[in-house]
Amino acid sequence: MSFSPTCGSGSSAPKESHEKALTVLSLALLGHASAANLTVWTHFGTTELAWLKSQAAAYEKKSGNKVTVVSVPFDQIPDKLIQSAPKGQGPDLVVSLPQDRLGQLAAAGVIEPMDRYVTSRTDLDRTAVQAMTYQGKLFAIPMFAEAVGLVYNKKLVSTPTTWASFLKTAQANTGNGKFGFLADLGNAYMNYGVISAYGGYVFKNTGGTLNPKDVGLANAGADKASAFLNDLRYKYNLVPEGVDGGAARSAFVDGRLAMFLTGPWDMGDIKKAGIDYGIVPFPTPPGATSKWSPFVGVQGTMMNAYSKNKAAAGAFARSLSTSEAQVSFNKAGGRIPVSLSARTKLKSDPVVAGFGKSISMGTPMPNIPQMGAVWGPWSNAIAQSVQKPGQNYGQILDKAVQEINSNIK
């Protein structure tokens with residue numbers, strides 16, 4: 001309907017109200033037409049699932065888009081995504097997956113680069129960003145990370161900072177059914193920080209690109225690292241044979257252990273036991289060329305490359321890694337934030353402060369598909385290296401790397 005420009009002043013009010021009504025109606029129709037229906041797959045349970053649903057509700061209110069959260073078992077998500085995405089099925093977003101699945105999914109072409117959806121890279125832990133970068137592109141917005149650290153009983157020891165003070169403290173607390181330091185010495189993942197400190201590496205990292213043809217797990221540094229792990233058992237007599245992560249945790253919870261190497265996953269039991277604890281990085285081992293740098297595992301939000309709602313999905317993904325969201329996520333499930341400002345807000349929490357330091361000085365676990373060829377041979381070699389004193393570490397590690405190389409080819 002049109003209004004004549006010659007209408008007198010008496011008709012201007014109905015004219016304005018009518019135009020406003022049309023504008024409101026067209027905006028409502030436009031909003032309805034452009035509202036996105038997002039599907040989000042998640043493996044989160046209980047409190048973290050409730051957190052994600054509350055974040056979705058807040059985003060719906062703000063954006064006018066609809067978010068449906070679907071629970072999918074963690075180990076099924078990658079294969080289901082690879083099968084369903086090219087058919088135009090599956091989710092718009094996955095919240096969340098670890099970086100060791102990143103290379104496989106990026107190579108399959110089912111996840112979208114997320115660089116354009118990140119608001120502030122400077123607020124994200126650099127190690128976490130590196131973990132989620134594949135072939136120069138950010139394929140997930142990091143959400144949380146984990147790495148091991150040295151957890152110690154404050155009633156038994158003061159903060160261990162150097163190797164000399166660590167060793168003295170550990171030996172003084174060992175004996176009569178008590179232990180100064182325990183770790184799962186045969187576990188490759190747990191002990192990567194030592195391997196890295198001496199100059200060993202999984203794949204050579206050149207400017208953020210990993211070279212699967214250059215495996216550094218049998219170089220001179222890796223040999224020294226294995227010798228050091230062996231010394232912790234047979235020279236310094238700290239870690240008896242047969243000790244694994246579970247045995248170390250039990251001893252710590254019982255108050256019989258001064259220090260042990262573990263990750264955030266054991267903190268629930270330690271808190272329940274009422275132990276007054278601290279968390280610091282493991283000290284630089286003797287004769288090492290670099291600081292201890294543990295493996296860092298990162299999980300982040302990934303976008304379906306075939307999503308028809310990329311802008312809306314990107315906005316929701318971005319909202320999950322803001323400082324405020326990260327603080328509330330930590331309160332929900334205890335995960336260590338990747339937002340540096342969130343860590344600052346949570347600095348009074350010893351778990352966030354302690355493991356946050358380990359994460360920042362750590363090395364991202366390789367995210368390329370070839371990492372699958374590494375774990376078996378490497379784990380066997382590390383376990384073998386600490387089974388008896390003074391072994392031929394070079395021979396053990398050379399054999400493992402030969403096997404890794406043949407698996408990769």
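Excluded from the calculations below are hydrogen atoms, water molecules and symmetry mates; all remaining heavy atoms, backbone and side chain alike, are included.
Checked against a 6.0 Å centroid threshold, the rings of W378 and Y189 do not count as neighbours.
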Which donor-acceptor pairs under 3.5 Å do the side chains of residues 352-371 make with protein atoms, sequence neighbours left out?
residue, atom, partner, partner atom, Å
S358, OG, V148, O, 3.0
S360, OG, D125, OD2, 2.8
S360, OG, R343, NH1, 3.1
S360, OG, G356, O, 3.2
T363, OG1, S293, OG, 2.8
N367, ND2, A131, O, 2.8
N367, ND2, T133, O, 2.9

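A donor-acceptor pair shorter than 3.5 Å can be found between the side chains of T162 and S165. Side-chain contact annotation: Y201 with D214, donor-acceptor N/O pair under 3.5 Å present. S84 and Q89 share no donor-acceptor pair across their side chains, judged by distance under 3.5 Å alone.
Around the NZ atom of K310, the shell of radius 6.0 Å holds more than 12 heavy atoms that belong to other residues, nucleotides or ligands. The local environment of NZ in K345 is crowded, with over 12 non-hydrogen atoms from other residues, nucleotides or ligands closer than 6.0 Å. Around CD of Q395, the count of heavy atoms belonging to other residues, nucleotides or ligands within 6.0 Å does not exceed 12.
Between T322 and Q326, the closest side-chain pair of non-hydrogen atoms is not below 4.5 Å. Counting heavy atoms from C-beta outward, Y393 and S385 have side chains that approach closer than 4.5 Å. Between P160 and M259, the closest side-chain pair of non-hydrogen atoms falls below 4.5 Å. Side-chain contact check for V70 versus P91: every heavy-atom pair is 4.5 Å or farther apart. Under the 4.5 Å side-chain criterion, counting only non-hydrogen atoms from C-beta, R335 is not in contact with P264.
With N304 contributing its side chain and Y306 its backbone, the two residues share a donor-acceptor pair below 3.5 Å.
Of the candidates Y236, Y152, F260, F282, F181 forms a ring pair (Phe, Tyr, Trp, His ring centres under 6.0 Å) with just one, namely F282.
Electrostatic pairing of D269 and R249 counts as a salt bridge here, judged by a charged N lying under 4.0 Å from a carboxylate O.
Heavy atoms only, all atoms of each residue included: G193 and W292 are closest at C-CD1, 3.2 Å.
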